[in-house]
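Let me begin by presenting the structure, written as structure tokens, before commenting on it.
Fair warning: this is a prediction, and the values are worked out from it, not measured in the lab. In what follows, every heavy atom counts, from backbone to side chain, and hydrogens, waters and symmetry copies are set aside.
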Amino acid sequence: MKKPIPNQNESPFGFHEFFFSTTNKRGVIRFGNDVFARVSVYPKEQMIGAPHSIIRHPDMPRSVFKIFWDTLKSDKAIGAYVKNLAGNGSYYWVFAFAFPIEDGYLSIRFKPSSVIFQEVQKIYEELRVFEQGNDDLDASENLLLEKIKQQGFKDYEEFMVKATLAELNSRALQVNKSQSQEKLGQDSGQFRQIAETTNSTLSRLNDIFEKVSGFQKSNDVLVTTIDNLDKEFLNLKFISVNMTIAAAKFGNVAASLGVVSKEFSSLSGEIEKNLSGLTGFVQNLAKVIQQCSFRASALNSQMLMVDFFVKESILKMQKVDTAFAEMAENQKDFSHLFKDYSMNLKKEVSELSTYLAEIETGMRDVSKFITGLEVIKQIGAVESARVSEVKQAFQHYLEQMDRFIQLLRSATTSILHETESLKANSQVIVLNVGAVSGSVDVIFDLASKINSTAKAPS
């Protein structure tokens, strides 16, 4: 199939629209819904059996597709911004969610609009220019990852998760603002049942989505708090060393302060040991939260796609004989995917409790040192006050010690508050996931009943 010559026209579609396609393992298109056919400007009969690369736009950096396909081939889902080429040479941007399925891949797409999308377009242009003079895909991939880090993301996975959250939130705002949103379906009979089921499911998924988004905020608080403690602790270790040196300088006059310094050094070692353990648990928690965020985003997108596709199919059933068969053909993939992601989200959220318990225990252990630090600080203040010259020399160290004590007290309160919030939200998520895991099958079954009723003799 000859590829069209790109032009500067955009192939339009709405924020309320979703489209998807399925391919085999080699990327050959097996199915695409009506919106996909319309936006890509290819007749379905021409699209089916063609390689998915027919819609690849030359403006797309090859390194993005390298990451995209490397991830899929490792049996992992991926989200990415993609500029596609329509059959008439026009272009269209999508945020694409691609999932490995039993014998191929399923990709869900919708219109991007977040601030991240604006930055990504600039990055892609830089990559495209780089690739024009360089065939080294690894070098281009490294440049892409470097650009992503410059935007504040640790790696592509973190970028992907936060971009997905941003795009779904942005899309919801755009749809709410839009006055031209099409309303697929009807308001009576079994159409109402589908609407009620999808709305109930989406309500629970939105609740999950919001709470998992809250996970990210709580995790940011935990990471920032622990990082601040680690940084301040480095200063604390210097205080211990400097106090020992200062005490030796004053000889017998400050002999008692040498003992204080020794006690302070010993306590600092215990604090360091506990903080090191906390850092590890917080890092593990961050990984699980990132997985949960992506999983929740994926479920949200899958449900929105099923809702759109089923209603799209119902409207076609009276006009197109193959509409029901096409819908039924895709039920298995959506059903399996949704159940799999529901089950794994439930499992991952449950895993959070292990890390949360360890963080709480560790933080309570660290907080026990506050009293010890307070005592050492008070003894140091009393002993240094005996000689004005000694007091002047030690005043700075005591102030630094006090600042760390206050930080430790504040950090304890903050971390325990966030872990309690995470535990409460985890319980709600597990309940909601259990309630929605079979929703895709319910919606497809309701659509099947509509088809049967429509075909029944009057």
Flag the pair Val82 / Phe95 as yes when at least one side-chain heavy-atom distance between them is below 4.5 Å, and no otherwise.
no
Is there a donor-acceptor pair closer than 3.5 Å between any side-chain N or O of Thr71 and the backbone N or O of Ile67?
yes
Kindly write out the residues that satisfy ring pair (Phe, Tyr, Trp, His ring centres under 6.0 Å) with Tyr105, not counting sequence neighbours, or none if the list is empty.
Trp69
Which atom of Ser218 lies closest to which atom of Ser421, heavy atoms considered:
OG-OG, 4.4 Å
Would you say Glu232 and Leu229 make side-chain contact, with heavy atoms under 4.5 Å?
no
List the steps, then state whether ring pair (Phe, Tyr, Trp, His ring centres under 6.0 Å) holds for Phe31 with Phe36.
CA-CA 10 Å; Phe31 182 82; Phe36 178 44; 9.2 Å; no
Do Thr164 and Ser297 get their side chains close enough for a donor-acceptor pair, meaning under 3.5 Å?
no
If we ignore angles and hydrogens, is there a donor and acceptor under 3.5 Å between the side chains of Ser21 and Arg109?
yes
Is the shortest heavy-atom distance from the side chain of Arg62 to the side chain of Arg128 under 4.5 Å?
no
Are Ser313 and Glu326 close enough that a side-chain donor and a side-chain acceptor fall under 3.5 Å?
no
Please evaluate residues Glu119 and Lys122 with respect to the criterion salt bridge (charged side-chain N to carboxylate O under 4.0 Å, His left out), reporting the C-alpha separation (whole Å), side-chain torsions for both, the decisive distance (0.1 Å), and the verdict.
CA-CA 5 Å; Glu119 294 302 319; Lys122 299 174 189 175; 3.5 Å; yes
Which salt bridge (Lys or Arg N to Asp or Glu O under 4.0 Å) pairs, counting each pair once, include a residue from residues 416-440, with sequence neighbours left out?
Glu360-Lys423, Glu420-Lys423
Pairs touching residues 67-78 that satisfy salt bridge (Lys or Arg N to Asp or Glu O under 4.0 Å), sequence neighbours left out:
Lys66-Asp70
Results of side-chain contact (heavy atoms from CB on, under 4.5 Å) for Ser114 - residues two or more places apart only:
Tyr81, Ile116, Phe117, Ala166, Glu167, Ser170
So Phe99 and Tyr341, ring pair (Phe, Tyr, Trp, His ring centres under 6.0 Å) or not? Walk me through it.
CA-CA 11 Å; Phe99 307 93; Tyr341 269 66; 5.5 Å; yes
Any side-chain heavy atom of Lys211 sitting closer than 4.5 Å to one from Val428?
yes
Between Thr201 and Ser439: side-chain donor-acceptor atoms closer than 3.5 Å
yes
For the residue pair Arg171 and Phe15, would you count it as a cation-pi contact if the rule is NZ or CZ under 6.0 angstrom from the ring centre and within 45 degrees of the ring axis?
no
With a 3.5 Å cut-off and no angle check, do the side chains of Thr279 and Asp230 form a donor-acceptor pair?
yes
I want to know whether Phe110 and Phe19 have ring centres closer than 6.0 Å.
no
Is the cationic atom of Arg56 (NZ for Lys, CZ for Arg) positioned less than 6.0 Å from the six-membered ring centroid of Phe65 and within 45 degrees of its normal?
yes
Looking at side-chain heavy atoms only, is the closest gap between Ile148 and Asp155 below 4.5 Å?
no
To the nearest 0.5 Å, tell me how far Asn33 CG sits from Arg38 CZ.
9.5 Å
Donor-acceptor side-chain pairing of Asn142 and Asp138 below 3.5 angstrom:
no
State, with a plain yes or no, whether a side-chain heavy atom of Ser90 is found less than 4.5 Å away from one of Glu10.
no
Any side-chain to backbone donor/acceptor pair from Ser414 onto Ser410? Under 3.5 Å, distance only.
no
Can you tell me how far CD of Gln121 sits from CG of Asp59, rounded to the nearest 0.5 angstrom?
10.5 Å
Ring pair (Phe, Tyr, Trp, His ring centres under 6.0 Å) filter on Phe334, not counting sequence neighbours, yields Phe20
Could you tell me if Lys83 sits above the aromatic ring of Tyr92, with its cationic atom closer than 6.0 Å to the ring centre and no more than 45 degrees from the axis?
no
Arg30 versus Ile48: any side-chain heavy-atom pair under 4.5 Å?
no
Going by distance alone, is a donor N or O of one side chain under 3.5 Å from an acceptor N or O of the other, for Asp103 and Asn24?
no
Going by side-chain hydrogen bond (donor to acceptor under 3.5 Å, both in side chains), name the residues that satisfy it together with Lys346, two or more places apart in sequence or in a different chain.
none
Centroid separation Phe294 to Phe97 less than 6.0 Å
yes
